Every structure is written in C-alpha cells, then in structure tokens.
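Just so it is clear, the model here is predicted, and its values are computed rather than measured. Heavy atoms only: backbone and side chains are in, while hydrogens, waters and symmetry mates are out.
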Number of protein chains: 2
Amino acid sequence: MTFDTTDIQLLHYLQADAKQTTKELAHKLNLSVTAVYERIKKLERSGVIAQYVALVDKNKIDRSFVAFCHIKLVQHTQDNIVKFEREVTSLKEVVACYHISGDYDYLLKVVVQDMEKFRDFMVKKLTSISHIGSTHSMFVINEVKHTTAIRL
Amino acid sequence: MTFDTTDIQLLHYLQADAKQTTKELAHKLNLSVTAVYERIKKLERSGVIAQYVALVDKNKIDRSFVAFCHIKLVQHTQDNIVKFEREVTSLKEVVACYHISGDYDYLLKVVVQDMEKFRDFMVKKLTSISHIGSTHSMFVINEVKHTTAIRL
DNA sequence: TGTGAAAGCGGTCCGAC
DNA sequence: GTCGGACCGCTTTCACA
C-alpha cells in the first residue's frame with residue numbers, strides 16, 4: 001500500500017487521538033467527511049491501522065515501577081526457545097519481549113507496583129521458567145519519552 | 001482512585017479495543033448503557049485513561065527495523081542531561097527513551113526502515129547529539145510480545 | 001450508583017461527479 | 001477518489017429508583 005501526504009497526516013492525527021470525529025479530521029485535512037471516512041476504512045482494511053486502544057496511565061493504577069530484564073537461555077534449542085517464549089508471553093507483568101542480538105538473547109519490559117513486587121516477579125515467576133541461564137535487570141529511573149505513534 | 005472488578009474488566013476491554021460501543025460493553029459487563037458510560041467518563045476524567053489512539057502496524061508502513069541503543073553520557077551535569085533529553089526526544093526515529101540504572105545511562109528504542117537507515121540515524125542524528133560518551137546497539141530479531149495494555 | 005427513555009449528533013451508505 | 005444528503009444507531013442527558 002502506498003500513502004500520499006494526506007494519508008500520512010491522517011495516520012499522524014489518528015495515532016495521536018483516535019476519538020476525533022471524521023468531521024473534525026475532514027476540517028483539518030481540508031476534505032469532505034466521506035473522503036476521510038473512505039481513507040480511514042482503507043487504512044483499517046489493509047491492516048495499516050491494526051487496532052484502536054485506550055492507553056492507561058501507569059501512575060494512576062499503581063504500576064509505576066518499570067524494569068528491563070536481559071535474559072540468556074542455557075541452550076538455544078528450538079524446543080527451549082518455543083517454551084520460553086510461550087511462558088514469558090503469558091506473564092501479565094511482561095508488557096514486551098524482544099529476541100535480540102548481542103550478549104543476551106532476550107530483552108523484557110516489566111511493569112509492576114514496586115521493587116518488592118519486582119522481586120516477587122523475579123523469584124516466583126521469571127526464574128521459574130525453564131531453561132533460563134542468566135538475567136540482568138535495569139530499572140527505569142525516568143521515562144523521558146514513550147510514544148505509540150510512528151512518524152512517517 | 002479506587003477500582004472495583006467492573007472497572008478492572010472495563011479497563012481490560014478498552015485497552016484491547018477502544019472502538020467497542022457502550023452497548024457492547026454493557027452487555028459484556030451485565031450493566032446498563034448509562035452505567036458503563038458513567039464509568040468510562042469517570043476513568044477519562046480522573047486521567048486513568050490517558051488517551052485513545054490508533055496503533056499502526058510497523059510492517060505495513062516500512063518501519064520493520066527495530067533496535068535498542070544503550071547510551072552513556074560523558075558527564076552527568078544537569079545541563080548535559082537536560083540537553084540530551086530534549087534533543088533525543090525530538091528525534092522521530094526514537095519512539096522511547098528511558099533513563100535507567102546500570103552500566104549505561106539511557107535505553108532508546110529506535111524504529112526505522114532498515115539497517116542502512118539505522119546507520120544514517122546513528123551517524124547523522126544520534127552521535128551528533130552533544131555529550132554522548134559511548135553507545136551500544138542491540139537489534140531486534142523477533143518481537144515476541146508487545147502490548148500497550150496493562151493487566152491488573 | 002443504578003435504570004430506561006428521549007434527544008441530538010456522528011458514522012455509514014448511497015448515487016452522482 | 002471525491003462530494004453532499006439521508007438514514008440509522010450510538011452517545012449523551014435527563015428524571016427517577
């Protein structure tokens with residue numbers, strides 16, 4: 001799929017605020033309501049817009065403690081990898097998990113209440129997953145930037 | 001603000017799909033439309049729901065290359081930190097930046113087209129930011145899990 | 001807080017350009 | 001790909017338990 005400047009602007013607006021009416025968007029883009037409507041539908045049908053979600057403020061729901069965990073597996077067999085990925089995916093504290101290049105195999109983003117809960121998570125959940133070799137945790141001191149929007 | 005099980009369920013649904021009608025949600029929660037409406041408004045007013053956004057599929061817009069960059073500053077003066085954070089925040093390729101504990105000062109998530117663009121980003125944008133000491137990049141081989149939803 | 005009903009507005013579809 | 005008009009359903013408000 002190819003995008004003109006109007007599509008790019010539209011994506012920009014929808015990534016910032018998905019609750020705008022097509023009327024408002026039509027005004028911003030100097031287009032009719034129907035034209036904007038068709039463009040949005042096209043973006044949805046093609047899967048460019050994958051979903052519409054509500055973003056919750058971590059600090060308002062007592063989940064202010066964020067950590068990144070590097071993880072190394074003991075062995076990199078197909079079986080170990082599949083099992084690890086399945087188990088780690090099912091943990092609600094893990095909001096992101098990336099298989100990465102470098103000294104460690106995986107990078108996890110973990111969101112919990114506080115350091116005590118993080119300790120619980122490490123001891124009771126993470127390290128009980130089979131085949132984990134070593135881990136290395138980094139704690140977030142400050143979230144300088146965090147956006148779900150990708151600027152084209 | 002305090003949440004009962006209905007609020008928690010509601011947040012769960014809205015974090016998964018913000019375009020559901022209050023009617024559908026009322027059905028799922030066994031409540032009236034108005035009751036759901038009032039709960040949502042309360043969550044919005046209190047800032048628990050910070051925003052509603054469209055999530056775009058990276059792969060559909062040619063931004064499939066993701067890297068994490070560790071960054072160390074040369075000196076940790078107040079001034080350096082402020083400048084670095086301001087400059088890095090303004091870079092569109094940087095979708096996240098965290099001040100973290102450990103060997104490095106910052107962890108950046110960078111989203112670009114491909115390795116070539118990543119190189120451009122490093123050479124022309126990132127390393128031209130003042131006061132950067134050393135960097136260490138890790139490339140994402142596979143995104144195992146990535147969610148914007150926080151489960152309570 | 002909860003409910004149902006009434007009002008108003010926006011999303012959606014249509015035929016035309 | 002765009003337009004305006006018309007319809008229908010949803011959001012929003014209200015009086016009330």
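- For B/Lys109, there are no salt bridge (charged side-chain N to carboxylate O under 4.0 Å, His left out) partners two or more places apart in sequence or in a different chain.
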Can I get a per-line list of side-chain donor-acceptor pairs under 3.5 Å for residues 23-37 of chain A, giving both atom names and the distance, sequence neighbours left out?
residue: A/Glu24; atom: OE1; partner: A/Thr21; partner atom: N; Å: 2.9
residue: A/Lys28; atom: NZ; partner: A/Gln20; partner atom: OE1; Å: 2.5
residue: A/Ser32; atom: OG; partner: A/Ala35; partner atom: N; Å: 3.2

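- Listed by chain and number, the residues in a side-chain contact (heavy atoms from CB on, under 4.5 Å) with A/Glu143 are A/Lys58, A/His146, B/Tyr98 (sequence neighbours excluded).
- Each salt bridge (charged side-chain N to carboxylate O under 4.0 Å, His left out) pair with one or both residues in residues 80-101 of chain B, not counting sequence neighbours, appears once here: B/Asp79-B/Lys83, B/Glu93-B/Lys125.
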Readout for nucleotides 5-17 of chain C: B = base within 4.0 Å of protein heavy atom, S = sugar-phosphate only, - = neither; 5' to 3' it is B----SSBBB---
For residues 44-52 of chain B, dump all side-chain donor-acceptor pairs below 3.5 Å to protein atoms at least two apart in sequence or in another chain.
residue: B/Glu44; atom: OE1; partner: B/Lys41; partner atom: NZ; Å: 3.1
residue: B/Glu44; atom: OE2; partner: B/Tyr52; partner atom: OH; Å: 2.6
residue: B/Ser46; atom: OG; partner: B/Lys42; partner atom: O; Å: 2.9
residue: B/Ser46; atom: OG; partner: B/Leu43; partner atom: O; Å: 3.2

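- If you run side chain to side chain contact (heavy atoms under 4.5 Å, CB included) between B/Leu11 and each of B/Ile150, B/Leu152, B/Thr6, B/Ile40, only B/Leu152 comes through.
- With hydrogens and angles disregarded, no donor-acceptor distance shorter than 3.5 Å links the side chain of B/Asn80 to the backbone of B/His131.
- Less than 4.0 Å separates DNA chain D from no heavy atom of any residue of residues 43-50 of chain B.
- The end-to-end axis angle of the helix from C/dT1-D/dA17 to C/dC17-D/dG1, rounded to 10 degrees and based on five pairs per end, is 30°.
- Legend: residues meeting side-chain contact (heavy atoms from CB on, under 4.5 Å) with A/Ser64, ordered by chain and number and at least two apart, are A/Asn59.
- In this structure, the CG atom of B/Leu29 is 11 Å from the P atom of C/dT3, given to the nearest Å.
- Atom CG of B/Leu25 is separated from atom C1' of C/dG2 by 17 Å (rounded to the nearest Å).
- At distances below 3.5 Å, not a single donor-acceptor pair connects side-chain atoms of B/Lys72 with backbone N or O atoms of B/Gly133.
- Using a 4.5 Å heavy-atom cutoff, the side chains of A/His70 and A/Ile100 are in contact.
- A search for ring-ring contact (aromatic ring centres under 6.0 Å, His included) contacts involving B/Phe139 returns B/Phe65, B/Phe118, not counting sequence neighbours.
- Not counting sequence neighbours, the partners of A/Phe84 by the ring-ring contact (aromatic ring centres under 6.0 Å, His included) test are A/Tyr106.
- With hydrogens and angles disregarded, a donor-acceptor distance shorter than 3.5 Å links the side chain of A/Thr127 to the backbone of A/Met122.
- If you walk DNA chain D from 5' to 3' and mark each nucleotide with an atom closer than 4.0 Å to a heavy atom of chain B, the marks span D/dC10 to D/dC14.
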